[in-house]
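Per chain, numbering begins at 1; letters A, B, ... match sequence-line order.
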2 protein chains.
Amino acid sequence: MAATIRDVAQASGVHVSTVSRTFSAPHLVNAETRNRVLAVAEDLGYRPNRAARALTTGRTHNLGLIVADIANPFFPPLIKAAQAHARLRDYHVFVADTDEDPQVEEELIQTLTKQVDGVLLCSPRLSNRVIERLHQDVPFVVVNRRLKGMSTVLMDVGHGARLALAHLVALGHRRIALLSGPAGSWTSREMADAARAVPGIELTVLGPNSPTEHGGLAAAAGVLAAGVTAVLAYNDLMAIGLVEGLAERGVEVPGELSVVGVDDIVPGRLARPKLTTVAMPTEAAGRTAVDLLLQLVGAGETATPALTTLATHLIIRESTGPVPP
Amino acid sequence: MAATIRDVAQASGVHVSTVSRTFSAPHLVNAETRNRVLAVAEDLGYRPNRAARALTTGRTHNLGLIVADIANPFFPPLIKAAQAHARLRDYHVFVADTDEDPQVEEELIQTLTKQVDGVLLCSPRLSNRVIERLHQDVPFVVVNRRLKGMSTVLMDVGHGARLALAHLVALGHRRIALLSGPAGSWTSREMADAARAVPGIELTVLGPNSPTEHGGLAAAAGVLAAGVTAVLAYNDLMAIGLVEGLAERGVEVPGELSVVGVDDIVPGRLARPKLTTVAMPTEAAGRTAVDLLLQLVGAGETATPALTTLATHLIIRESTGPVPP
DNA sequence: ATGTTTCGTGCAACCGGTTGCAGAACTTCC
DNA sequence: GGAAGTTCTGCAACCGGTTGCACGAAACAT
């Protein structure tokens with residue numbers, strides 16, 4: 001069994017409170033005593049029990065990070081950045097995957113609530129109402145969704161969409177399809193709003209679609225039926241699936257149709273043709289979200305929510321080309 | 001502030017112990033009382049604090065899952081399977097990424113130890129000695145590494161390597177390179193042992209290499225220098241990188257050189273050419289690992305470690321072909 | 001009617017820490 | 001030499017639950 005504070009206290013001949021202070025308020029204990037306690041603790045392999053500590057202090061020094069799908073390559077860089085950034089501040093991050101299921105998401109948040117000081121919600125699928133209710137029990141930072149009263153990190157995908165469309169227009173495209181994502185997605189709506197406001201193009205919005213390779217594959221027929229010369233997809237996975245689906249039908253990218261994705265995930269960089277895509281600042285988002293969350297945690301009840309918007313940019317690769325004659 | 005057990009007790013006019021039993025041993029409390037307590041609890045939004053509960057029961061109902069790199073597409077399917085499987089058994093899984101850093105790995109395990117009932121260690125990079133020390137504080141199940149005295153889930157990559165080599169031999173290849181992985185990797189050693197035992201081929205072992213796309217890219221020159229006609233890579237990421245590196249040098253796959261990967265990750269299925277690969281039973285491994293871990297957790301001190309080996313198989317796609325004339 | 005079970009609940013100690021308060025020992029100051 | 005501070009440590013209550021034990025009431029057996 002692991003050593004407890006009482007074992008250390010007994011072995012070093014002091015009261016438990018002295019041991020406790022040795023770790024949580026060292027300046028309050030005499031240097032000599034402190035060293036003795038530390039030596040004994042080291043010897044016994046004692047490590048303060050964080051869960052027990054949390055019971056009295058109300059601080060677990062853990063953060064929760066909830067994502068819809070770890071297998072979506074968009075998330076891991078964000079997760080890694082958040083974890084690394086949190087570690088620097090002596091916080092640990094627990095990641096949980098909701099499997100795109102709102103009910104699982106809610107359950108996970110409930111469970112995490114008491115075991116973490118705050119939760120990072122990435123592209124949540126829950127309704128605003130539920131999120132607001134859960135928010136009463138634990139501080140949140142929401143990534144890629146706009147929720148009033150909560151700290152938020154947004155990636156400026158509207159700007160990215162404009163860049164992508166400008167690129168396509170410059171190549172001569174006019175009839176363009178937007179392959180949208182899941183129904184509740186803020187990102188998807190944001191892209192659609194931005195795209196509709198672009199003058200001089202004839203936009204067809206197709207969707208909602210599953211934000212996966214399979215979703216893109218399934219959308220290929222609809223894209224061809226729409227009679228467009230270029231497509232902006234909700235994300236790279238869909239773009240890759242779409243290219244696949246088009247190839248099955250003998251349609252070449254970018255020869256006959258141009259495709260732009262969003263996210264700049266690794267598989268998109270490896271695909272043939274390499275995807276032109278809107279790069280998302282995922283690492284920065286992870287770090288920023290942790291910063292905002294720790295700010296909230298530190299401030300307690302008096303916290304004021306903050307909003308950060310991060311820039312996106314276009315990476316031109318091989319999946320876009322001039323409009324066919 | 002969230003409601004506590006005392007709030008519920010007071011509001012429903014019973015002692016806290018009755019409330020406690022209502023949740024953790026319902027059969028011990030009168031149906032009428034129970035319903036009243038449940039109603040009040042519902043009303044107050046009370047949820048038992050798992051951390052506090054763990055303090056007395058010694059059971060957190062959480063599991064830890066430690067991986068070297070979430071961004072490696074090999075892991076997410078395993079993680080998702082483990083999470084889903086654990087949820088069925090009323091357990092939650094906390095995932096942590098070590099960033100391939102043994103020191104971070106050790107620190108994470110230490111932190112998790114008190115907050116989970118057991119830890120799933122996937123392809124750990126720590127030394128045996130350290131793992132054994134940490135094992136004294138919390139039950140482990142190790143995936144893809146052989147450690148005596150601990151429950152283990154292995155994927156039979158040796159068999160997979162033999163299948164891959166047999167496939168290459170059948171295509172006429174004799175001079176074959178094995179692109180090995182990280183130095184401490186059990187999988188890598190296992191593959192090498194299996195490959196060396198295959199008769200009738202001339203094997204060149206190259207490595208160790210970083211188990212990433214970049215590692216494969218960097219190995220391209222060495223592969224060409226080795227004068228082989230086929231390569232078995234440690235994993236798909238490396239295989240993809242290698243194909244990339246070969247393309248840069250004007251070498252075609254599979255026309256001039258055949259490449260086999262391991263893992264059957266999604267990017268490998270999407271790459272051009274589509275990768276021939278050894279499929280790993282990642283979902284099964286995740287589920288099995290959770291089962292073994294819960295078995296250990298349930299058994300307490302008396303637990304006997306178990307070893308499960310899961311089969312692998314070869315998927316032939318487009319990156320392998322007959323030896324060039 | 002009495003003795004024995006069974007059932008339901010309360011009491012209080014406990015899990016492993018933290019922390020406000022009190023007091024002992026030692027300084028410092030006048 | 002005594003009052004007033006400092007510095008350090010111990011005491012005990014507390015965080016939010018769980019659980020062995022005791023006890024009263026009701027149900028059952030004789």
Side-chain angles (χ1 to χ4, degrees), chain A residues 1-38 40-41 44-62 110-117 137-138 300, chain B residues 1-38 40-41 44-62 110-117 137-138 300:
Chain A
M1 211 48 191
T4 75
I5 199 173
R6 287 162 228 273
D7 299 331
V8 177
Q10 186 158 16
S12 45
V14 298
H15 194 262
V16 291
S17 56
T18 301
V19 178
S20 173
R21 280 188 276 258
T22 300
F23 289 94
S24 49
H27 61 279
L28 287 181
V29 27
N30 181 286
E32 199 181 326
T33 315
R34 191 193 323 143
N35 289 333
R36 184 154 40 89
V37 170
L38 285 175
V40 172
L44 268 53
Y46 167 75
R47 310 195 57 104
N49 181 329
R50 292 190 148 208
R53 173 179 290 177
L55 207 49
T56 48
T57 60
R59 288 271 173 281
T60 61
H61 268 245
N62 293 142
Q110 303 252 30
T111 307
L112 274 174
T113 291
K114 300 289 182 31
Q115 317 194 35
V116 301
D117 297 340
D137 293 334
V138 64
Chain B
M1 212 47 191
T4 76
I5 198 172
R6 287 163 227 274
D7 299 330
V8 177
Q10 187 157 17
S12 46
V14 298
H15 194 263
V16 291
S17 56
T18 301
V19 179
S20 174
R21 279 188 277 258
T22 300
F23 288 95
S24 49
H27 60 281
L28 288 180
V29 27
N30 180 286
E32 199 181 326
T33 315
R34 193 194 320 145
N35 290 333
R36 184 155 38 91
V37 171
L38 286 175
V40 171
L44 268 53
Y46 168 74
R47 309 196 58 104
N49 181 329
R50 291 188 151 213
R53 174 180 287 178
L55 207 50
T56 48
T57 61
R59 288 273 174 282
T60 60
H61 268 245
N62 293 142
Q110 302 251 30
T111 307
L112 274 174
T113 290
K114 299 289 181 30
Q115 317 194 37
V116 301
D117 296 340
D137 293 335
V138 64

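The side-chain contact (heavy atoms from CB on, under 4.5 Å) check on A/Val40 picks up A/Val8, A/Ala11, A/Ser12, A/Leu44, with sequence neighbours excluded. With sequence neighbours left out, A/Thr57 forms a side-chain contact (heavy atoms from CB on, under 4.5 Å) with A/Arg53, A/Arg59. The side-chain contact (heavy atoms from CB on, under 4.5 Å) test applied to B/Asn62 returns A/Gln115, B/Arg50, B/Thr60, B/His92, B/Phe94, B/Val116, not counting sequence neighbours.
Minimum interatomic distance between B/Val29 and B/Arg34 (heavy atoms only, all atoms of both residues): O-NH2, 3.3 Å.
More than 12 heavy atoms of other residues, nucleotides or ligands sit less than 6.0 Å from atom CD of A/Gln110.
For D/dG16, its base sits under 3.5 Å from the side chain of B/Arg6 at one donor and acceptor pair at least. Residue side chain A/Arg50 does not reach the base of C/dG17 through any donor-acceptor N/O pair under 3.5 Å, judged by distance alone.
As a whole-Å value, the separation of B/Leu55 CG from D/dC15 C1' is 9 Å. Atom CG in A/Leu44 sits about 14 Å away from atom P in C/dG16, given to the nearest Å. The separation between B/Arg53 atom CZ and C/dG17 atom C1' is 20 Å, rounded to whole Å. Following rounding to the nearest Å, B/Asn49 (CG) and D/dC15 (P) show an atom-to-atom distance of 13 Å. Look at CD1 on B/Ile5: it is 12 Å from P on C/dG10, rounded to the nearest Å. One can place CD of A/Gln115 at 12 Å from P of D/dG17, the figure rounded to the nearest angstrom. Between B/Asn35 atom CG and C/dG8 atom P the separation is 13 Å, expressed in whole Å. In this structure, CD of B/Glu32 is placed 14 Å from P of D/dA26, rounded to the nearest angstrom.
Nucleic acid contact for B/Ser20: base, since at least one base atom lies under 4.0 Å from a heavy atom of the residue.
Note that CZ of A/Arg47 is 9.0 Å distant from CZ of A/Phe23, once rounded to the nearest 0.5 Å. Interatomic distance, A/Asn49 CG to A/Ile5 CD1, rounded to the nearest 0.5 Å: 10.5 Å.
Every pair passing side chain to side chain donor-acceptor pair (under 3.5 Å) that includes a residue from residues 15-32 of chain A is listed here, sequence neighbours excluded: A/His15-A/Ser17, A/Ser17-A/Arg21.
Side-chain proximity of B/Tyr46 to the nucleotides D/dG17, D/dG16, D/dT19 is greatest for D/dG17.
Under the 3.5 Å distance criterion, the side-chain polar atoms of A/Asp7 are left unmatched by any main-chain donor or acceptor of A/Ala3.
Rounded to 10 degrees, the angle between the two end axes of the helix from C/dA1-D/dT30 to C/dC30-D/dG1 is 40°, with five pairs used at each end.
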Quick one: what's the B/S/- string for nucleotides 8-14 of chain D, heavy-atom cutoff under 4.0 Å, read 5' to 3'?
SBBBB--

